[in-house]
Amino acid sequence: MDAALKQPAAEGGQEIRFTLNGEAVTLSADPLERLSDGLRYALGLTGTKVGCNAGDCGACTVLVDGEQVCSCLMACGQVEGRQVMTVEGLAGDAEGQRLQQAFLDHGAAQCGICTPGMLMAATSLLKRAAAPTKQEVQDALGGVLCRCTGYQKIVEAVCAAAEATPADVPLTDPDVGCAVGARFAKTDGLAKVTGAELYGADTAPQGALWLRVVRAPHARASFTLGDLDAVVAKTPGLERILTAADIPGSKAFGVYPHIKDQPVLAQGRVRYRGEAVLALVGSRAAVWSLAEEELPITWQPEDAVTDFCAEGQPLVQEGRADNVLARGFVNKGDAEAALAASALTSEISTATPFIEHAYIEPEAGYAERKGDVLEVWVTTQAPYMDRDETAAILGLDKEKVRIIPSACGGGFGGKLDLSLHPLVGLAAWLSERPVRCEYTRPESMASSTKRHASRVTARAGCDADGKLTALVFDGDFDTGAYASWGPTVADRVPVHCSGPYKVPNVLARSVGRFTNAPPAGAFRGFGVPQSALAHEALMDDLAEQLGLDPLEFRYRNAIRVGDATATGQVLTASAGLADCLEALRPTWKEWRAAAEAFNGADPPRGGGGAPPAGLTRAPAPAGAAASASAASGTAAATPPCPIPRPCRWR
């Protein structure tokens with residue numbers, strides 16, 4: 001148990017007696033308190049994780065009388081007289097031990113934040129089904145979300161544990177030069193499967209104060225603050241309310257040395273819904289006792305800027321003409337002339353929305369002042385960047401700030417930016433007491449960065465032999481209210497928009513514009529997935545026009561060693577697409593043949609019949625005729641696609 005995490009017993013709490021991991025325990029708590037909070041804060045069992053407090057993610061799954069439950073949805077009072085098992089109890093359980101070893105053997109724990117919940121759900125399954133099918137395993141794990149693994153290794157591990165099949169050979173570190181393709185034990189795997197791994201919310205010094213961020217309810221507004229001291233005076237347990245005026249150093253931060261545009265705490269104006277305005281510091285009960293309506297904030301809402309392609313809109317940030325943050329540009333050869341001379345051309349327009357990272361672990365951590373040094377324990381992907389920004393905000397030398405990364409329960413780029421770091425740091429520095437903070441799931445989603453929304457138009461051409469001739473690409477990207485990693489997206493997109501293909505002529509332009517949306521930042525690819533959606537659709541269409549297999553078209557155009565990229569860089573190594581496609585050919589042919597046979601078959605009637613393994617029959621378009629010739633067994637002609645094709649033949 002993590003004694004540092006344990007909080008004093010709740011005033012007026014009742015004694016709740018139950019069996020926990022095989023031992024009788026007495027929990028002093030409000031009977032209506034969440035069981036997950038009772039386990040974590042009162043008993044120090046932090047192996048039970050909390051990702052949503054809504055029963056959606058399943059990270060808090062425990063067993064109650066052998067059945068899996070979301071402990072965030074169960075009240076402490078409901079376990080009176082019952083049997084509760086958490087991940088810490090698996091060490092004394094036969095099925096649990098097999099599962100933990102299988103998870104290690106199969107690499108089923110990646111970031112590990114969902115692993116305790118997965119293990120508990122699987123333990124419940126193995127106790128009632130000694131030899132479950134793969135489908136039964138998938139169903140049993142369906143209530144626990146994993147953002148990292150894709151589930152395959154988890155399912156394999158549970159099936160292996162059910163069969164009591166050990167790994168073929170013990171996992172050992174591969175020899176030097178033999179690591180690629182080798183299996184070896186995950187360095188931090190044991191802590192993840194036992195629940196001992198500590199994430200941002202899993203530890204804090206005894207007696208730490210809590211910090212709660214008050215955020216803007218409007219996407220665009222000005223505001224004034226009233227008498228905050230009066231709120232502190234009338235609220236027992238509330239120590240202080242921090243505003244931008246309390247910040248001794250830089251009042252804004254940003255990824256780039258020359259762009260520090262995002263306020264730590266807003267100063268009279270907010271630019272997106274969820275922007276930090278105040279920070280309440282005090283006991284856990286105190287900071288959450290105040291409704292936002294009780295705080296003296298007077299808002300003057302304004303119409304938000306939401307269209308990142310329109311010109312002439314109100315400025316989101318002063319001095320940013322047409323709300324432009326950055327532009328990107330690549331020009332190789334004469335793309336327009338090459339397109340005009342191409343045998344075939346294709347054109348596409350795409351639009352993608354912002355995308356939430358959806359890591360299971362919300363932002364969390366604590367800060368503690370130790371003399372003239374500030375230590376910040378936090379879930380992060382960029383500790384040195386965090387150190388530099390936090391030091392600048394607090395007006396300290398970088399050597400006086402120490403960032404201690406916790407285990408990171410998923411990030412995907414979303415934990416490269418600052419979140420609570422400077423707020424808990426400021427509170428701890430001023431109060432000279434440790435201060436902790438845990439974002440709620442809605443708060444995390446409202447305040448964290450997103451994948452950039454995009455609108456792309458692109459044209460590509462090829463010759464009669466199917467060799468690409470040119471690409472013209474234009475991409476607009478919504479960078480939200482603040483810069484974050486927006487300039488990197490604007491720079492990378494023109495460089496990568498032609499994909500892993502040899503294109504002799506490329507004209508690519510991009511622009512990132514501000515809106516009153518949450519800041520868009522890093523997210524696996526920095527704008528490249530948005531452009532890939534366009535260039536891969538163009539490859540498919542050109543192949544179809546040419547009557548060429550899509551794989552063959554890509555093979556002919558795959559960039560190889562000695563070819564030049566869109567920027568003119570000549571590749572001397574690491575150009576393996578052609579080899580990958582060649583290795584895929586046999587399987588690809590099988591898949592294509594199976595798909596064509598399935599699509600040409602007489603559709604089943606009355607719900608009978610199942611598609612071949614791995615294939616799912618698409619529903620017929622609404623109103624489409626589904627008649628077939630009984631004599632010939634051939635299906636009626638497929639209705640034309642209702643979506644007009646933008647391609648044209650030259």
Side-chain angles (χ1 to χ4, degrees), residues 211-226 228 240-281 292 295-302 304-305 314-320 323 325 363 367 376 378 382 385-386 388-396 401 414-427 429-430 435 437 439 443-444 446-450 479-487 512 514-521:
L211 182 144
R212 169 193 166 197
V213 185
V214 177
R215 300 187 177 277
H218 306 288
R220 182 184 178 100
S222 60
F223 68 91
T224 55
L225 298 175
L228 298 176
R240 66 187 304 162
I241 300 178
L242 298 174
T243 70
D246 294 304
I247 299 171
S250 173
K251 296 185 186 300
F253 63 92
V255 172
Y256 301 90
H258 63 296
I259 306 177
K260 305 296 181 186
D261 63 342
Q262 184 164 352
V264 180
L265 291 169
Q267 301 181 75
R269 171 164 290 280
V270 294
R271 296 178 176 86
Y272 73 97
R273 184 177 181 272
E275 185 164 351
V277 178
L278 302 172
L280 311 182
V281 183
E292 295 187 2
L295 298 170
I297 308 175
T298 303
W299 295 99
Q300 293 84 40
E302 303 171 7
V305 175
L315 296 184
V316 175
Q317 293 190 28
E318 294 181 3
R320 294 287 189 175
N323 285 320
L325 166 64
E363 294 79 355
V376 183
V378 68
M385 293 173 63
D386 295 346
D388 294 353
E389 291 295 291
T390 301
I393 291 164
L394 297 184
L396 299 173
V401 176
K415 291 178 181 174
L416 286 173
D417 293 60
L418 286 185
S419 58
L420 55 88
H421 319 48
L423 297 176
V424 292
L426 175 63
W429 191 261
L430 295 179
V435 178
C437 177
Y439 283 6
E443 179 179 19
S444 173
S447 63
S448 62
T449 58
K450 315 298 176 194
T479 202
Y482 300 108
S484 183
W485 291 87
F514 292 109
T515 66
N516 291 121

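Contact between L211 and A427 at its shortest, heavy atoms only, is CD1-CB, 3.9 Å. When all heavy atoms of A221 and P301 are compared, the pair lying nearest together is CB-CA, 3.7 Å. A pairwise comparison of heavy atoms in P422 and L394 identifies O-CD2, 4.4 Å as the closest pair. A pairwise comparison of heavy atoms in G521 and T449 identifies N-CB, 3.6 Å as the closest pair. Contact between V305 and P314 at its shortest, heavy atoms only, is CG2-O, 3.4 Å. Here the closest heavy-atom approach between residue Y272 and residue P518 is recorded as CD1-CA, 3.7 Å.
Counting heavy atoms from C-beta outward, L278 and V213 have side chains that stay 4.5 Å or more apart. When side chains are defined from C-beta on, L426 counts as touching P248, because their heavy atoms get closer than 4.5 Å. V255 places none of its side-chain heavy atoms less than 4.5 Å from the side chain of I259. Side-chain contact between L430 and L242: present, with at least one pair of heavy atoms (C-beta onward) separated by less than 4.5 Å. For the pair L225/I297, a side-chain contact is recorded, criterion being any heavy-atom separation below 4.5 Å from C-beta on. In this structure the side chain of Y482 reaches within 4.5 angstrom of the side chain of E275, judged on heavy atoms. Counting heavy atoms from C-beta on, the side chains of D386 and V376 never come closer than 4.5 Å. Looking at heavy atoms from C-beta onward, N323 lies out of side-chain contact with T515 at the 4.5 angstrom threshold.
S448 pairs by the side-chain hydrogen bond (donor to acceptor under 3.5 Å, both in side chains) definition with K450, not counting sequence neighbours. With sequence neighbours excluded, the residues satisfying side-chain hydrogen bond (donor to acceptor under 3.5 Å, both in side chains) with E443 are R215. E363 pairs by the side-chain hydrogen bond (donor to acceptor under 3.5 Å, both in side chains) definition with Y359, S444, not counting sequence neighbours. Looking at residues two or more places apart in sequence or on another chain, you find a ring-ring contact (aromatic ring centres under 6.0 Å, His included) between W485 and F526.
Of the inter-residue distances, the one linking R212 atom CZ with I241 atom CD1 reads 10.0 Å to the nearest 0.5 angstrom. Here OG of S484 is found 8.5 Å from CZ of F253. Values are rounded to the nearest 0.5 Å. Taking CD of Q262 as the reference point, atom CG of D417 lies at 7.0 Å (rounded to 0.5 Å).
Legend: salt bridge (charged side-chain N to carboxylate O under 4.0 Å, His left out) pairs involving residues 265-274, not counting sequence neighbours, sorted by first then second residue: R269-E302. Sorted by first and then second residue, the pairs that involve residues 240-261 and meet salt bridge (charged side-chain N to carboxylate O under 4.0 Å, His left out), not counting sequence neighbours, are R240-D246, K260-E389.
The one candidate from V401, I393, T390 that meets the side-chain contact (heavy atoms from CB on, under 4.5 Å) condition with H421 is T390.
Ring planes of H218 and W299: perpendicular class, angle over 60° (limits at 30 and 60°).
The backbone N or O of A252 sits less than 3.5 Å from a side-chain atom of S250, completing a donor-acceptor pair.
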